[in-house]
2 protein chains.
Amino acid sequence: MDIARSPQQLGAILRRYRKKGSMTQTDVAAKTQLRQATISALESGEVGTRLKTLTDVLAALDLELVVQPRRKSLPSEIEDLI
Amino acid sequence: MDIARSPQQLGAILRRYRKKGSMTQTDVAAKTQLRQATISALESGEVGTRLKTLTDVLAALDLELVVQPRRKSLPSEIEDLI
DNA sequence: TGGCTTTATGCGCCATAGCGTATATGTGGC
DNA sequence: GCCACATATACGCTATGGCGCATAAAGCCA
């Protein structure tokens, strides 16, 4: 599932989509005018990453966000503990 | 729709949900341990807002994010111009 | 195992978010 | 018009993201 409630989950999802598109962090960095190190930080779930960085990467991966009410999601809460 | 591709769209969505829940920025600030001014900035679409701030507010409003491939969305692109 | 690619870290620098505190500006309701 | 309540701004401060540049540490595959 691609539901995120934390920067960590968001980072993991972005990494999955990036790999699905056969791109490296360096590729994404080039597309977004960011550094490879910055992409690394985002995917690692650094809590301080800026929204602009997130939306830039989403654009590079051709993704978008949907905001929705939380569903009961035991799986996702368990995932939080990992 | 609640699709966001930019901090601005995200802020607008959050504001709508907050009002739907009859909460003030001060209420959300209290719940999240952030300042009312910070909530104001987030809803205004300040690009530098931190991911942690976003996820904290999402939690306070009982919302979550879904990441999905971009759909062709003329409406959303028009919205960008507003 | 060696060698190449990919990802994670380090360091010094600058810009800025978020802080506390406070005030100004909206915005409704009466 | 007045007055609460809500939201937007301001100022000085500290913490930290992202930068360039560089290197270390994994991963991967022949």
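Reminder, nothing fancy here: chain letters follow the sequence lines and each chain counts from 1.
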Candidate list A:Arg70, A:Gln68, A:Gln9, test side-chain contact (heavy atoms from CB on, under 4.5 Å), partner A:Ile3, passing option: A:Gln68

Nearest-angstrom distance from the residue atom CD1 of B:Ile39 to P of D:dT9: 16 Å

Got [X] and [Y] here, is their nearest side-chain heavy-atom distance under 4.5 Å?
| X | Y | result |
| --- | --- | --- |
| A:Val57 | A:Leu34 | yes |
| B:Thr49 | B:Leu54 | no |
| B:Thr38 | B:Thr32 | no |

Side-chain (B:Ser44) to main-chain (B:Ser40) donor-acceptor, under 3.5 angstrom: yes

B:Gln25 side-chain N/O to B:Ile39 backbone N/O, donor-acceptor pair under 3.5 Å: no

Between protein and nucleotides 5-7 of chain D, what N or O pairs are separated by less than 3.5 Å?
{"from": "D:dT7", "atom 1": "OP1", "to": "B:Arg18", "atom 2": "NH1", "distance (Å)": "2.8"}
{"from": "D:dT7", "atom 1": "OP1", "to": "B:Arg18", "atom 2": "NH2", "distance (Å)": "3.2"}
{"from": "D:dT7", "atom 1": "OP2", "to": "B:Gln25", "atom 2": "N", "distance (Å)": "2.8"}

Please write out each protein N/O paired with an N/O of nucleotides 14-19 of chain C under 3.5 Å, distance rounded to 0.1 Å.
{"from": "C:dA17", "atom 1": "O4'", "to": "B:Arg50", "atom 2": "NH2", "distance (Å)": "3.4"}
{"from": "C:dG18", "atom 1": "OP1", "to": "B:Arg50", "atom 2": "N", "distance (Å)": "3.0"}
{"from": "C:dG18", "atom 1": "OP1", "to": "B:Thr53", "atom 2": "OG1", "distance (Å)": "2.6"}
{"from": "C:dC19", "atom 1": "OP1", "to": "B:Gln33", "atom 2": "O", "distance (Å)": "3.3"}
{"from": "C:dC19", "atom 1": "OP2", "to": "B:Arg35", "atom 2": "N", "distance (Å)": "3.1"}
{"from": "C:dC19", "atom 1": "OP2", "to": "B:Thr38", "atom 2": "OG1", "distance (Å)": "2.5"}

Reference residue B:Glu43; test salt bridge (Lys or Arg N to Asp or Glu O under 4.0 Å); the match among B:Arg15, B:Arg16, B:Lys19: B:Arg15

Residues A:Lys52, A:Asp56: salt bridge by 4.0 Å N-O rule: yes

